[in-house]
Amino acid sequence: MTTPLHFNAFVMNTNSHIQHGHWRRPEAQQVDFENVDLWIDLARLLEEAKFDAMFFADVTGHYGDADADFEVYARHGLQIPSNDPTVLLGALAVSTREIGLALTSNVAQNHPYNFARQVSTLDHISRGRIAWNIVTGTQDNGARNFGLPQLTDHSERYRWAEEYVDVVYKLWEGSWDDGAVLKDKASGVYADATKIHKIYHEGERYRVEGPHLPAPSPQRTPLLFQAGSSASGRKFAARNAEATFIIAPTPEIARRQIEETRRLAVEAGREPGDIKFFQGLSFIIGDTEEEAHEKAVEYDRYSSTERYLAHSALVDKFGRVYDPLTPIKDIDTNTARGFLSWVSQAVTDREPVVGDVAILGRRSSRVIGTPGQIADRLAEWQAAGVDGINVINWVLPGSFEEFAEKVLPVLRERGLAQSEYSAGPLRQKLFGAPLLNDRHPAAKYRGAFATGARTWEEARALSSV
């Protein structure tokens, strides 16, 4: 029996997210991305089409050399300006009922105590439909915006992320016991203080007392996405992620990454099925194969290598951008290590260079054809181990309208797309239960702080984790 794929709409609260230049098309509405009605209407469209979630990317600075002119980014509206997706999700949560809402937030941009409170609030507002894409940042400019001299070293960023998630896990899973909220009007007791606990976290970067101010939300911990593909990123995903976003250039390369990450998950005490993998793909759809390829030629007319190179700009350890003709083997960079590895595997007829990152990423992530041919291709990705697709748009809302109208009916006929939502919060829709399973590292904090500690010293003496 065929298992349906999951489908996320991959978007960003900006003018030009992935397919740069297409905001200029007459029908493109992302040029007015500041208009909340655009997003509300899109969320309702996607919910009607039974997409699993809207997945919002985000950055906290411009790409490339932090000391160089960022004119190319402003001229093309390439992720500048961009607005905060976390704030937008509140509007979308009250405008929809079933679709999941995923936000991206990196560990540098928000203190974990404040972030945990924001996410719990959103999970309450949405009745359990929030996901968090855990990232560690990719831009020197973004790091400087939060007081750092430059982007922290790659491996150190993941050590930072491990402590960051440790803090939020303690707040979400351990600070409040089940049954703490009574709302007993007769006795006048709203919550049982003996079931609410301070976490007394002390680490290299954070000292957080607690307790978590929000009571447990429907999921407690949001569904956890992660997008790192380097060795450090895969290890982090194996320990923490429930869903991983990949942009592999071929199904075979995707298979290798998925198998490796699942193996690491087992080593971390989890099961292979505890993580779902979402491949990023865009679609050019025609009623005939000839029409689809004619549309691809038209789409290319709006694109340019300059924009894609600007988006994928790689910098050295001093923050200087590598020339596009630099061989990948000569690259020493603090970001995109996983994707560089994929490109090196995919380019076999010559020495791969930096420019291939933009060109291959652009070409390999798009599927051109009729709805039936697209369904065939998606079945190949599923056979490689992919559980879902992050659908990359060309224009808003037209790309999703076309996919919903032409491709999803064919996928449903083949059992490759859901026809109705499952009941419950987002995690329950994807995994069958609303809360993290006991194999996840956050589970160890359930009941761990019921020690009665009232000072840091008592907490140190009584801590069980």
Side-chain angles (χ1 to χ4, degrees), residues 5-23 28-30 33 38-39 41-43 45-47 49-59 78-79 82-86 88-89 92 96 99-106 129-135 138 223-229 241-249 254 276-285 299 303 307-308 311-312 336 339 361-367 374 377-378 381 386-404 407-408 411 417 426 430:
L5 287 163
H6 299 290
F7 289 91
N8 295 332
F10 190 42
V11 294
M12 186 172 177
N13 196 4
T14 190
N15 168 66
S16 191
H17 175 203
I18 300 291
Q19 307 295 4
H20 305 301
H22 287 262
W23 63 271
Q29 295 182 29
Q30 64 261 38
F33 75 91
L38 167 68
W39 297 107
D41 291 345
L42 178 60
L45 182 158
L46 294 166
E47 187 169 71
K50 305 300 185 290
F51 272 71
D52 290 87
M54 295 180 74
F55 185 115
F56 279 87
D58 195 32
V59 292
L78 198 163
Q79 300 189 12
S82 65
N83 291 346
D84 187 341
T86 306
L88 177 59
L89 258 57
L92 303 186
T96 55
I99 193 168
L101 301 167
L103 63 97
T104 295
S105 181
N106 83 60
R129 293 184 284 128
I130 299 302
W132 171 32
N133 178 32
I134 311 166
V135 296
T138 58
L223 185 75
L224 299 168
F225 273 93
Q226 194 266 349
S229 57
E242 298 173 276
T244 297
F245 175 31
I246 62 175
I247 311 184
K276 294 185 182 294
F277 292 82
F278 286 74
Q279 167 71 18
L281 294 173
S282 60
F283 300 91
I284 301 178
I285 308 162
Y299 281 26
S303 303
R307 300 177 189 118
Y308 287 99
H311 186 177
S312 61
F339 197 73
R362 170 187 169 191
R363 292 178 179 173
S364 65
S365 65
R366 72 180 186 178
V367 182
I374 289 170
R377 187 62 173 161
L378 292 182
W381 283 100
V386 167
D387 301 287
I389 305 297
N390 268 8
V391 181
I392 300 169
N393 70 86
W394 302 87
V395 296
L396 296 180
S399 295
F400 294 117
E401 289 175 333
E402 187 178 36
F403 190 82
V407 178
L408 282 176
L411 295 175
L426 179 58
L430 268 64

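Just the heavy atoms: all of them, side chains too, but no hydrogens, waters or symmetry mates, feed the values below. We number each residue from 1, following the sequence as shown.
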Item to check | side chain to side chain contact (heavy atoms under 4.5 Å, CB included) between Leu103 and Ile130, intermediate numbers included | outcome: CA-CA 8 Å; Leu103 63 97; Ile130 299 302; 4.2 Å; yes

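For the pair Phe56 and Pro85, the tightest heavy-atom approach, listed with the atom from each and the gap, is CB-CB, 3.7 Å. Closest heavy-atom contact between Glu402 and Tyr299: OE1-OH, 4.2 Å. Residues Pro397 and Leu42 come closest through the heavy atom pair CB-CD1, 4.1 Å. Residues Ala248 and Trp381 share a closest heavy-atom pair of O-CH2, 3.4 Å. The two atoms that bring Ala53 and Leu101 nearest to each other are CB-N, 4.5 Å, heavy atoms only. Annotation for Glu47 and Thr96: closest pair OE2-CB, 3.5 Å, computed over non-hydrogen atoms.
A 4.5 Å side-chain heavy-atom check between Ile99 and Arg129 finds at least one atom pair inside the cut-off. Under the 4.5 Å side-chain criterion, counting only non-hydrogen atoms from C-beta, Phe33 is in contact with Asn13. The side-chain heavy atoms of Trp39 and Leu396, taken from C-beta on, include a pair separated by under 4.5 Å. Side-chain atoms of Met12 and Val59, non-hydrogen and from C-beta on, do get closer than 4.5 Å to each other. Counting only heavy atoms from C-beta outward, the side chains of Gln29 and Val395 never approach each other to under 4.5 Å. In this structure the side chain of Leu88 never reaches within 4.5 angstrom of the side chain of Asn83, judged on heavy atoms.
One distance of note links CZ of Phe278 with CZ of Phe10; it measures 12.5 Å at 0.5 Å rounding. To the nearest 0.5 angstrom, Ile389 atom CD1 is 6.0 Å from Phe7 atom CZ. The distance from the CD atom of Glu242 to the CG atom of Leu224 is 4.5 Å, given to the nearest 0.5 Å. The distance from atom CD1 of Ile284 to atom OG of Ser399, rounded to the nearest 0.5 Å, is 9.5 Å. The structure places CG of Asp52 at 9.5 Å from CG of Leu5, a figure rounded to the nearest 0.5 Å. To the nearest 0.5 Å, the span separating NE2 on His6 from CG on Leu430 amounts to 4.0 Å.
Relative orientation of the Phe283 and Phe403 rings is tilted, given thresholds of 30° and 60° on the angle between their planes.
In this structure, the side chain of Gln79 does not engage the main chain of Asp58 through any donor-acceptor pair within 3.5 Å. A side-chain donor-acceptor contact under 3.5 Å links Trp132 to the backbone of Ser105.
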